[in-house]
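What follows is one structure encoded as C-alpha cells, with my remarks underneath.
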Amino acid sequence: MATTMDLKQLFEKASALAGYSFAEVAAAHGLTVPADLRRNKGWVGQLLEAALGASAGSQALQDFPELGVELKTIPLNAAGKPLETTFVCTTPLTQVTGLTWADSNVRNKLQCVLWIPIDGRREIPLAQRCIGTAFLWQPTAEEEHLLQQDWQEHMDRIALGQVETITAHQGQVLQLRPKAANSRVLTDAIGPGGELIQTLPRGFYLKTQFTEQIIQRTFAL
DNA sequence: GGTTGATCATAC
DNA sequence: GTATGATCAACC
C-alpha cells in the first residue's frame, strides 16, 4: 500500500500533466478516448481522477479527503474563458432548518480546489485536446462572502417552500439548476405550505463569470 | 453568443 | 433514487 500523497506531491503530479493531450494521458492509464463528450460528459473529469489517483469514488466527499482537496476540471475556450458552469454539489431540499453556511456541503467542497483547466474547444477532436496548468484555489474572504450570500438566499427560499420559484438567474456567483438524469426525475422537497412535495432535484453551480475571475487572477502576468 | 434548463454514463 | 463526473442544446 502506497503512502498517502501530500498536497505538494498532488500538485506536482497535476502540474506535470500540463501540455499532454487527452489521448496521451488516456493511453498511459489504459483508457480509450471517446469520439466526443456527447454521451460521455464526465469523461475528462474521470480521466484526471484516474491520472491523479482520486480516492473518494462515488461517495459524497472531497476527491482527496485526506488532503481536504476537491478536484475540478474546467473547460476553457481559445480565449481562456470558461465554457461551462461548474457543478459543486446537489442541493438539500428537506431538513434544511438549522443548516448553516459553515457546515454546508458547498463550503466544504470549495474550501480547497485543485483546478485543472482543460481544452474545451469542440472544433478540435477530443483526443487532441490538451490539459492545462493546474492551480490550487482557496476562496478569498470576498469570494467566500459572495458564495455565502447566494447560498443563504437559495436555502432561505428552499426552507420557505419556494424551491420551484428559483431560477438560474438568481445568485451572483452561485446558481441553482436541475441536477438529474432527466426532467422526469423527482425527489422530496418542502412545499409552499410546509408540506412535502415532489420536485426535480437541484444542484449548486458556480457561474462562469465567477470562475473566469479566478482564472484571470491566477494567470494574470 | 451567452445562459438556462435538460441531459448522459456509471456505480450502488 | 442518489451519488459521482459534467456538457449538451434549445432558447433568449
Side-chain angles (χ1 to χ4, degrees), chain A residues 14 22 25-26 29 31-65 69-96 104-106 108-110 113-127 129 131-132 150 154 163-189 196-213 215:
Chain A
F22 297 167
V25 178
H29 293 274
L31 301 173
T32 56
V33 185
D36 57 58
L37 297 176
R38 199 149 57 101
R39 292 192 164 274
N40 293 273
K41 299 183 180 182
W43 186 80
V44 182
Q46 288 163 351
L47 174 68
L48 271 296
E49 283 184 348
L52 297 175
S55 57
S58 64
Q59 300 175 76
L61 290 172
Q62 291 155 320
D63 295 294
F64 298 91
V69 172
E70 175 74 10
L71 175 66
K72 289 287 179 200
T73 58
I74 183 160
L76 306 181
N77 65 15
K81 293 177 64 170
L83 282 165
E84 300 289 344
T85 54
T86 302
F87 173 71
V88 180
C89 59
T90 51
T91 310
L93 300 179
T94 61
Q95 301 173 346
V96 298
S104 69
N105 206 192
V106 174
N108 179 53
K109 290 253 181 176
L110 298 183
V113 178
L114 176 61
W115 291 100
I116 303 191
I118 58 169
D119 189 342
R121 294 175 294 174
R122 292 184 192 174
E123 62 271 25
I124 294 179
L126 189 61
R129 297 185 208 166
I131 295 171
D150 288 347
H154 294 315
V163 62
E164 298 194 313
T165 72
I166 304 175
T167 79
H169 296 288
Q170 282 145 42
Q172 302 292 304
V173 299
L174 187 70
Q175 63 184 178
L176 207 65
R177 302 219 311 277
K179 170 60 175 173
N182 57 61
S183 60
R184 281 91 62 192
V185 174
L186 295 173
T187 193
D188 288 346
L196 219 53
I197 63 169
Q198 294 288 295
T199 195
L200 187 56
R202 316 298 164 99
F204 288 114
Y205 295 80
L206 299 178
K207 300 183 73 170
T208 54
Q209 284 191 17
F210 183 64
T211 50
E212 182 183 351
Q213 285 182 12
I215 301 271

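Each chain gets a letter, A, B and so on, in the order the sequences are listed, and its residues count up from 1. As a basis for the values below, the full set of heavy atoms in this structure was taken, side chains included, without hydrogen atoms, waters or symmetry mates.
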Is the shortest heavy-atom distance from the side chain of [X] to the side chain of [Y] under 4.5 Å?
X      : Y      : result
A/V44  : A/R129 : no
A/D119 : A/P75  : no
A/E70  : A/L110 : no
A/L126 : A/D36  : no
A/I131 : A/L48  : yes

- prompt: Counting only heavy atoms not in A/K207, do more than 12 sit closer than 6.0 Å to its NZ atom?
  reply: yes
task: Choose from B/dA6, C/dG1, B/dT7 the nucleotide whose nearest atom is closest to any side-chain atom of A/L200.
output: B/dA6
message: Can you build the contact string for nucleotides 4-12 of chain C? Use B for base contact, S for sugar-phosphate-only contact, and - for no protein heavy atom under 4.0 Å.
response: BBBBBS---
- prompt: For DNA chain B, whose closest nucleotide is more 5', that of A/K81 or that of A/N182?
  reply: A/K81
Counting only side-chain N and O atoms of [X], is one of them less than 4.0 Å from OP1 or OP2 of [N]?
X      : N     : answer
A/S183 : B/dT7 : yes
A/Q209 : B/dG2 : no
A/Q175 : B/dT3 : no
A/H169 : B/dT4 : yes

- request: May I ask you to say what A/L83 touches in the nucleic acid, namely base, sugar-phosphate or nothing, with a heavy-atom cut-off under 4.0 Å?
  value: nothing
message: Restricting to non-hydrogen atoms, name the atom on A/L174 and the atom on A/H154 that form the minimum distance, rounded to 0.1 Å.
response: O-NE2, 2.8 Å
Rounded distance in Å - [atom1] ([X]) to [atom2] ([N]):
X      : N     : atom1 : atom2 : answer
A/R202 : B/dG5 : CZ    : P     : 9 Å
A/F204 : B/dG5 : CZ    : P     : 15 Å
A/I166 : B/dT4 : CD1   : P     : 14 Å

statement: Computed from five pairs at either end and rounded to 10 degrees, the angle between the axes of the helix from B/dG1-C/dC12 to B/dC12-C/dG1 is 30°
Presence of salt bridge, A/R122 and A/E84, under 4.0 angstrom: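 Judged by the 4.0 Å cut-off on N to carboxylate O distance, A/E84 and A/R122 do form a salt bridge.
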Using distance only, find each side-chain donor-acceptor pair of residues 164-172 of chain A under 3.5 Å and give its atom names and separation, not counting sequence neighbours.
from	atom 1	to	atom 2	distance (Å)
A/E164	OE2	A/T199	OG1	2.9
A/T165	OG1	A/Q162	O	2.8
A/T167	OG1	A/H169	N	3.1

